[in-house]
Amino acid sequence: MARRRLRSSTVVLGGMGVLAATLTACGSDPDRRCVDPVTREELPSYECDDSSGSGTARGSYYYGGRVSGGKAKDGSFDKTAVDRGGFGSSGSGGG
């Protein structure tokens, strides 16, 4: 009987992990990528990180959307303008 209880606990714990992962994914921030604000060319992430505070970062973060031909499309530079959506939503952002 102890063996049966162990299996039930394993199933419950596994189900809780899947539920937690699903809820975390739905509530997380939209995808972001570093993009040149003029050309919309995708850049390496260090081009957006200006940890020195000098204001010399070349790129800006672009939220949502996709990259086609090396250029960002269908997203926004404004994080709040990108609606991630929930269950049953396509999750595409506005721009």
Side-chain angles (χ1 to χ4, degrees):
M1 196 169 248
R3 189 176 218 165
R4 186 174 184 183
R5 187 177 290 170
L6 178 63
R7 287 182 191 160
S8 297
S9 297
T10 303
V11 170
V12 169
L13 290 175
M16 295 284 281
V18 170
L19 178 62
T22 302
L23 291 175
T24 301
C26 289
S28 64
D29 289 335
D31 294 336
R32 74 176 185 178
R33 56 189 49 86
C34 187
V35 171
D36 182 304
V38 176
T39 65
R40 294 204 178 186
E41 175 187 352
E42 188 173 26
L43 302 170
S45 61
Y46 65 81
E47 293 283 359
C48 283
D49 296 332
D50 183 20
S51 55
S52 68
S54 64
T56 59
R58 177 177 160 208
S60 297
Y61 284 113
Y62 190 81
Y63 299 93
R66 60 191 171 88
V67 174
S68 178
K71 298 196 179 211
K73 298 179 179 186
D74 302 331
S76 176
F77 286 103
D78 180 7
K79 181 179 177 181
T80 59
V82 179
D83 180 20
R84 191 156 170 87
F87 293 109
S89 173
S90 66
S92 61

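Bear in mind the structure is a predicted one, so any value in this text is a computation, not a measurement.
- Closest approach of Cys48 to Gly59, counting heavy atoms only: SG-C, 3.4 Å.
- Shortest non-hydrogen contact noted between Tyr62 and Lys73 is OH-C, 3.5 Å.
- Contact record, Asp36 with Val38: OD1-N, 2.7 Å, taken as the closest heavy-atom pair.
- Ser60 OG to Arg40 CZ: the interatomic distance, rounded to the nearest 0.5 Å, is 11.0 Å.
- Taking every heavy atom of both residues into account, Arg33 and Arg66 meet most closely at NH1-N, 4.1 Å.
- Between the side chains of Asp49 and Tyr61, at least one donor N or O sits under 3.5 Å from an acceptor N or O.
- Scanning both residues, Leu43 and Val35, for their nearest heavy atoms gives CD1-C, 3.9 Å.
- Annotation for Phe77 and Pro37: closest pair CZ-CA, 3.7 Å, computed over non-hydrogen atoms.
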